[in-house]
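Any value given below was found using the heavy atoms of this structure, including those in side chains, with hydrogens, waters and symmetry copies removed. Every chain is numbered from 1 and lettered A, B, ... according to where its sequence line falls, protein lines coming before strand lines.
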Amino acid sequence: MNKLYNKYEKEILGILARYPAEGKRSAVMPLLFLAQRETGYVPTEALSNIAEITGISETDVASIMGFYTLFHAEPAGRYRIQICTDLPCALRGSESYLEQICEKLGVKEGETTADGLFTVEAVKCLAACHRAPMFQLQGDGEIKYYEDQNVEITMQIVEEIRHKVAAEQEA
Amino acid sequence: MKSVRSMVLVSSDPVSMERGAAQVYENLKTEIETLGLSDEISLSMIGDVGRHDALPFVIIYPEATIYGPVKPENAQYLVEEHLYKGRVVPELQASHKELTGKIAWVNARKGTLPAEQRIVLQRVGIIDPENIEEYIINDGYQALGKVLSEMSPRDVIEEVKSSGLRGRGGAGFPTGLKWGFVSGTPAKKKYVICNGDESEPGTFKDRLILEGDPHSIIEAMSIAAYAVGANEGFIYIRGEYLLAQERLKKAIKQAYDYGILGEKIFGSDFNFDIHVHSGAGAYICGEETALIESIEGKRGEPRARPPYPTTHGLWGKPTLVNNVETLANIPAILRNGGKWYRSFGTPSSPGTKVYTILGNVNVTGLIEVPMGITLREVIAIYAKGMKRDVSFKVAQTGGSSGSIIPASLQDTPMDFDSFQNAGVSLGSGALLICDENTCVLDLAKVLQNFFKKESCGKCNPCRIGNERAYQILENISQGTGTMQDLDDLAMISKNLFELSNCGLGQTAGSPIRDILNHYRAEVEAHIRLKVCPSGVCPMSGKRL
């Protein structure tokens, strides 16, 4: 059918089977997750692929993608450091924590580090309020929570990831 | 099923994992095998129990001995001493200081601490959520068996009605009544949806239920489906809750393997299938019609109501939508009866409520207590008082459906009706407790910023109103506010209530309404005197 379909045929058939025949467009969100699994963003080409599979227009797919914050239209760092700045976290200092992390990484909120590894983002409640400040790390198809953070601990985690990536590249 | 003499649980929340819980588990496993104890001891990783410091911890039942923090190198000694020789290892026990109030439910069993009343959380942190057998041993699927073999759908609905259970998602609508509406429609195809799109700031109860006891949701949905005449269900889980999604998918697969989902369940004529649908980061999808739109593969914008989902829901079919915590009550109600459930809580709000305690208190975390407890009691008993003894000023009960509770209401029983009569609401069960050093304007500003970002943009009052309210609050906090701003805020709040399309827009005006009602003098001080009485606001004189 198309590139996305051929690549994940079995998985896509499984997704489509969850919804009634007349509700095929329900697959659009699971398919968007699939399309960004490897690169962390949805390439333009995938939009037309998804449109074809679900039988809706490409504009519709793009509008749905734009509505939900977990879908990304642009490439970003390999890892997204998403820091919650909602009320419970804010009361435990997450705003200055975010500022300091940005400073240490040499970026502004929303930007990516020069090595292309980390994008720092301020996000809404991640439901780990009792262990604030916290962030979730999105990358390599995973989401991981890091709780009870301070700048030192977080920078250690960042360094560990940098080492891991460097080791991968050498290998 | 093998019979075990001891159950060993290792915590597996993110903090524990960060501190080597996986290695502790592996070492314990190796050691248990080495000593040939595998048949008599069960070892599991458990979810987040909500309240503890000494992580990672290892709990050994039936004694309920709590060890923590346990390091991988402690495993050998621990197994040798406690499990082989039967001696407690005091030097590894979590210190009294760290445990006081932290694992209240474990300690309550030993009679040392204020007991919680756990119905919804009865298994969370006690069973291995990835093992259906542990769920079954702990009364799991008993209610479903009873319902399918002894009760008619009408009996089930009557039982839920008699329990007086009210929706725990924030609105407090009587659950049995809702079930009755869906059951009363003649349609052949109906759906049951579990709303697990928990996104109210400060609320994480549903996450811990889904992660810690996923089978309870499957059982409850099956019972609900039988009662209303549905044969298919969806669990809508926040996109960020990957662990919860994984656990649910595993649990669903196990349930199919055991014949608990699928066709002819327990030999009856009842068929039921469940699918998981992941959200993708949109707060508004917690609103039930937005959630339905989202499952249908559209932007999560709320529908105009009526018609209600109970008659026109998913793909136009009658649909029952219940919150995770609401559903988690169902198996216990059907097992023990509605009358039993009414023995907890207050007459108008029976049962228990799960609260997440946050803010400037000594102990934060998750508790489950009977409806009708007061804020003063929660702070004194479960939160172990205010931090540094600074006095309590204000609480916020979680996101859009919650409100700002001034200290003057701290003796009002926390149940749906008492709170409604006092002009405030229970919200989603977050208790964000703030001390004297908190500026209410700042509090409202952060909340308004949340609504500004999360408004879906469909209707003007919400899209523009929240933006404008935030700007005005920002100006007041910068020292450039005017008295006219207060009238404007009151008007925006009123417009949000009266003109917004959905429940979330309608309640987005509550933070500004509440601070004007309860803390007008403090807000005026920012304007007239250009002073933030709590010393929080920047007062830089910059206008937005």
**Where B:V15 and A:E147 come nearest, the two heavy atoms and their spacing** = CG2-OE1, 3.5 Å

**Asked** Counting heavy atoms not belonging to A:K164, are there more than 12 under 6.0 Å from its NZ?
**Response** yes

**Request:** Return the option, out of B:E198, B:K445, B:H277, with the maximum number of heavy-atom pairs under 4.5 Å with chain A.
**Result:** B:H277

**Asked** Of all heavy-atom pairs between A:T85 and B:V446, which one has the smallest distance, and what is that distance?
**Response** O-CG1, 4.2 Å

**Fill in**
Rounded to the nearest 0.5 angstrom, the OG1-CD distance for A:T69 and B:E454 is 6.5 Å

**Message:** Is the ring pair A:Y19/B:W315 parallel, tilted or perpendicular, if the boundaries are 30 and 60 degrees?
**Reply:** perpendicular

**B:S278, part contacting chain A, at a heavy-atom distance under 4.5 Å** = both

**Request:** Drop me the distance from B:E240's CD to A:Q138's CD, to the nearest 0.5 angstrom.
**Result:** 7.5 Å

**Prompt:** Is the CD atom of A:E38 crowded by more than 12 outside heavy atoms at less than 6.0 Å?
**Reply:** no

**Where A:L70 and B:G279 come nearest, the two heavy atoms and their spacing** = CD1-O, 4.5 Å

**Request:** Kindly compute the distance separating SG (A:C125) from CD (B:E200), expressed to the nearest 0.5 Å.
**Result:** 9.0 Å

**Request:** Under 4.5 Å heavy-atom distance to chain B, tell me which part of A:Q82 shows up: side chain, backbone, both or neither.
**Result:** neither

**Request:** Specify which of B:C456, B:C434, B:G457, B:S294 makes the most heavy-atom pairs with chain A at under 4.5 Å.
**Result:** B:S294

**Item:** Expected output: side-chain A:R92 to main-chain B:G359 donor-acceptor under 3.5 Å
**Value:** no

**Request:** For the pair B:F204 and A:H130, name the ring-plane relationship: parallel under 30°, tilted 30 to 60°, perpendicular over 60°.
**Result:** parallel

**Request:** Nearest 0.5 Å please: distance from the CG atom of A:L91 over to the CG atom of B:N360.
**Result:** 6.5 Å

**Asked** Where is the tightest heavy-atom contact between A:C129 and B:G202, given as atom of each residue plus distance?
**Response** SG-CA, 3.2 Å

**Asked** In terms of heavy-atom proximity below 4.5 Å to chain A, should B:E301 be classed as side chain, backbone, both, or neither?
**Response** both

**Request:** Among the options B:T356, B:L358, B:D273, pick out the one with the most heavy-atom pairs lying under 4.5 Å from chain A.
**Result:** B:L358

**Prompt:** Roughly how far apart are A:K144 NZ and B:M17 CE, rounded to 0.5 Å?
**Reply:** 8.5 Å

**Request:** Give, as side chain, backbone, both or neither, the part of B:T438 having an atom under 4.5 angstrom from any heavy atom of chain A.
**Result:** side chain

**Request:** Count the heavy atoms belonging to other residues, nucleotides or ligands that lie under 6.0 Å from CD of A:E159, then report whether that count exceeds 12.
**Result:** yes

**Fill in**
Separation between CG (A:L126) and CZ (B:R238), nearest 0.5 Å, reads 6.0 Å

**Request:** Evaluate the criterion side chain to side chain contact (heavy atoms under 4.5 Å, CB included) for residue pair B:K298 and A:F67; output intermediate values, then yes/no.
**Result:** CA-CA 9 Å; B:K298 300 173 191 158; A:F67 186 83; over 6 Å; no

**Asked** Considering only heavy atoms, which portion of A:D86 lies under 4.5 Å from any heavy atom of chain B: side chain, backbone, both, or neither?
**Response** both

**Request:** Apply side chain to side chain contact (heavy atoms under 4.5 Å, CB included) to B:N449 and A:K124, showing your working.
**Result:** CA-CA 10 Å; B:N449 187 34; A:K124 297 285 121 196; 4.0 Å; yes

**Under 4.5 Å from a heavy atom of chain B, the part of A:I157 involved** = side chain

**Item:** Closest heavy-atom pair and its distance - A:R131, B:D13
**Value:** NH1-OD2, 3.7 Å

**Asked** Which bit of B:C285 comes within less than 4.5 Å of chain A, counting heavy atoms only: side chain, backbone, both or neither?
**Response** side chain

**Prompt:** Is it the side chain or the backbone of A:A132 that comes within 4.5 Å of chain B heavy atoms, both, or neither?
**Reply:** neither

**Item:** Donor-acceptor contact below 3.5 Å, side chain A:Y68 vs main chain B:G300
**Value:** yes

**Item:** Portion of B:I284 that has a non-hydrogen atom of chain A nearer than 4.5 angstrom
**Value:** side chain

**Prompt:** Taking only heavy atoms into account, what residues of residues 20-36 of chain A are found under 4.5 Å from chain B?
**Reply:** A:P20, A:G23, A:R25, A:S26, A:V28, A:M29, A:P30, A:F33

